[in-house]
2 protein chains.
Amino acid sequence: MENNDEDSKIQSNGEQAILEAAEILFSEKGFDAISMSSIAKLARTSKPNIYHHFKSKKALYQEVLNSAARRSSALLDELVDAPGSFSQRLSQFSAGQLKSILAHKRATQLILRETLSGGSQRGREIAQHYVGESFSRLVAMIRQGQQEGEFREDLDPALAAFMIVSGNVFFFQTAPVVEHLPDISFSDDADGFSQGVMKLLFTGLLKDQEDAA
Amino acid sequence: MENNDEDSKIQSNGEQAILEAAEILFSEKGFDAISMSSIAKLARTSKPNIYHHFKSKKALYQEVLNSAARRSSALLDELVDAPGSFSQRLSQFSAGQLKSILAHKRATQLILRETLSGGSQRGREIAQHYVGESFSRLVAMIRQGQQEGEFREDLDPALAAFMIVSGNVFFFQTAPVVEHLPDISFSDDADGFSQGVMKLLFTGLLKDQEDAA
DNA sequence: TGCTCGACTGACCGAACGGTCGGTTAGTAT
DNA sequence: ATACTAACCGACCGTTCGGTCAGTCGAGCA
């Protein structure tokens, strides 16, 4: 073999095909609903060959989860240090996060499912790392915006960040259901949704009348 | 038999026990991960007896889903027509919805799972009915608040309603994960969370400076 | 007393599950 | 040629799955 690397060998085509097939199926139906045979079939290989590359069904699932999280957690970091006002940066971050979610639907679905079904500590760790990463950066951005006088200081920055992430995730999560609801005009317009959310979060629902609720 | 009702017979103890056991297990791990044997064991009965009461595993699951949706979709309706300003009513509705979610964790988990895994049209129908019911009332309330001059009119009422529901659902959904995150102080305080959310949604992030973004 | 009927069960079914075994192929190094 | 190895597969293992069958038991009615 011409490869003398210790750690970072390039995976063979076959292994990649297995991972992709597994990601597709696991993200659609979850761990328990998917059989190794169906993965083998979709990957155009045999079941024993999967066990040649991965030691068990759980190990394959974890690997799929890892690669999904790895792919999704990039891309956001650049937006944190962008120029502009904090309002603009916040809007860009929110829109970028939603775009990233929609660009990695299968990965998002996998991580979301793992978050909901509190199984395997590993899944929760991934979820924490995945959302926690961008979340704490978001909080820091808002807090800085408060210190520099752009944002109100009587609001919990973590709560504002939570609402942004919440809206984005929920938008993705309920897209199939929400499409057929009346009242809703933003179901297939991610950009419009992002803009609307930020406008709402920036200016608030109440009319400006110096209220003292 | 001393019962001559046509339609609304009280279920026997056994059937109720099966439904409860199934709800517990299905809500924890989902449809595919739960076997009929495990349900029978938890309900202290036998597998054939489950098939005596329900014609298949899917039928049992649908029944569990139905009863869960039935139980959860009540309770909110009263709050819609409560007295007070629209701000107060909106806050009460949001807090009430979150309280209802937390009071029916298993039912919420079931419906949420069904929403995520787009399977069975029936599940989607239930989700639509479940969230759609309270959602459209929420939209109507906000729209009325706009017409009566309490809320800004340049905001999509459906989007505001969406954010309220989104925050509540996401709060429940991420509670186990969010507990171990720094930055977050509201993880185990539903009331505080509700108040914070409404304060944010009412007044907005920006300082009042008559901006023209 | 006998009869019916709903609630319930142990034993069992074919099918599908996760996983293993022995063996084949193809490329590479000696 | 020989030897070694990663990639791959058909056939098979024990187990468990959803579901069925034949039958038991006890309460209500005749």
Side-chain angles (χ1 to χ4, degrees), chain A residues 1-65 117 119-120 122-123, chain B residues 1-65 117 119-120 122-123:
Chain A
M1 195 174 288
E2 74 281 9
N3 188 337
N4 59 353
D5 282 353
E6 180 78 286
D7 203 86
S8 64
K9 295 174 185 168
I10 280 290
Q11 309 290 9
S12 79
N13 271 355
E15 185 163 330
Q16 203 58 35
I18 294 170
L19 276 171
E20 286 170 19
E23 176 173 318
I24 291 173
L25 294 176
F26 281 143
S27 73
E28 278 176 358
K29 307 266 187 183
F31 179 83
D32 295 287
I34 297 303
S35 72
M36 294 299 267
S37 314
S38 66
I39 297 174
K41 188 179 168 190
L42 184 59
R44 288 178 209 272
T45 182
S46 66
K47 203 170 52 165
N49 191 36
I50 298 183
Y51 282 92
H52 173 70
H53 291 284
F54 305 92
K55 74 178 237 288
S56 70
K57 190 187 179 185
K58 282 186 184 175
L60 170 60
Y61 183 72
Q62 300 284 12
E63 207 53 53
V64 168
L65 220 56
S117 315
S120 69
R122 181 69 191 136
Chain B
M1 195 174 290
E2 72 283 9
N3 189 336
N4 59 353
D5 282 351
E6 179 78 285
D7 201 86
S8 64
K9 296 176 186 168
I10 280 290
Q11 309 289 9
S12 77
N13 272 354
E15 186 163 332
Q16 203 58 36
I18 293 170
L19 276 170
E20 286 170 17
E23 176 173 318
I24 291 173
L25 295 175
F26 281 143
S27 73
E28 280 175 358
K29 307 266 187 184
F31 179 82
D32 295 286
I34 297 302
S35 70
M36 294 299 267
S37 313
S38 65
I39 297 174
K41 189 179 168 189
L42 183 60
R44 288 178 208 271
T45 181
S46 66
K47 202 170 52 165
N49 191 37
I50 298 183
Y51 282 92
H52 173 69
H53 291 282
F54 305 92
K55 74 178 237 286
S56 69
K57 188 187 180 185
K58 281 184 184 174
L60 170 59
Y61 183 72
Q62 300 283 12
E63 207 52 53
V64 168
L65 221 56
S117 316
S120 68
R122 180 70 191 136

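Given the structure is predicted, the values throughout are model-derived calculations rather than measurements. Convention: sequence-line order gives letters A, B, ...; per-chain numbering from 1.
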Would you indicate what B/S35 reaches in the nucleic acid, counting non-hydrogen atoms under 4.0 angstrom: base, sugar-phosphate, or nothing?
sugar-phosphate

What nucleotide among D/dA7, D/dG19, C/dG18 has an atom nearest to a side-chain atom of A/N49?
D/dA7

Here the pair of heavy atoms bringing B/S37 nearest to B/K47 is OG-CD, 3.8 Å

Atom-to-atom span, OH of A/Y51 to P of D/dC8 - whole angstrom
17 Å

With a 4.5 Å heavy-atom cut-off, do B/L65 and B/F26 have their side chains touching?
no

Just compare D/dG19, C/dC21, C/dG18 and give me whichever is closest to any side-chain atom of A/P48.
C/dC21

B/M36 CE to D/dT16 P: how many Å, rounded?
18 Å

For A/L60, which contact category applies under a 4.0 Å heavy-atom criterion: base, sugar-phosphate, or nothing?
nothing

OP1 or OP2 of D/dA6 under 4.0 Å from side-chain N/O of A/H53:
no

For A/S37 and for A/K55, find the nucleotide of DNA chain C with the closest heavy atom, then tell me which residue's nucleotide is more 5'.
A/S37

B/I50 has an atom CD1; how far is it from atom P of C/dT9, in whole Å?
10 Å

Does A/S27 use its side chain to pair, donor to acceptor, with the backbone of A/E23 at less than 3.5 Å?
yes

A/D32 versus B/A33, closest heavy-atom pair with distance
OD2-CB, 3.2 Å

Measure from CD on A/Q16 to P on D/dA7 and round the result to the nearest Å.
13 Å

Starting from P on C/dC17, measure out to CG on A/D32 and report it in whole angstrom.
13 Å

Side-chain N or O of A/H52 closer than 4.0 Å to phosphate OP1/OP2 of D/dA7
yes

Got a donor-acceptor contact below 3.5 angstrom from the B/K57 side chain to the B/I34 backbone?
yes

B/I34 CD1 to D/dT16 C1', straight-line distance once rounded to whole Å
14 Å

A/I18 near the nucleic acid: base, sugar-phosphate alone, or nothing, with a heavy-atom cut-off under 4.0 Å?
nothing

Quick one: B/E15 CD to C/dA7 C1', roughly how many Å, whole number?
11 Å

Whole Å only: how far is the NZ atom of A/K57 from the P atom of C/dT20?
14 Å

So, does B/T45 get its side chain near the phosphate of C/dT9, meaning an N or O under 4.0 Å from OP1 or OP2?
yes

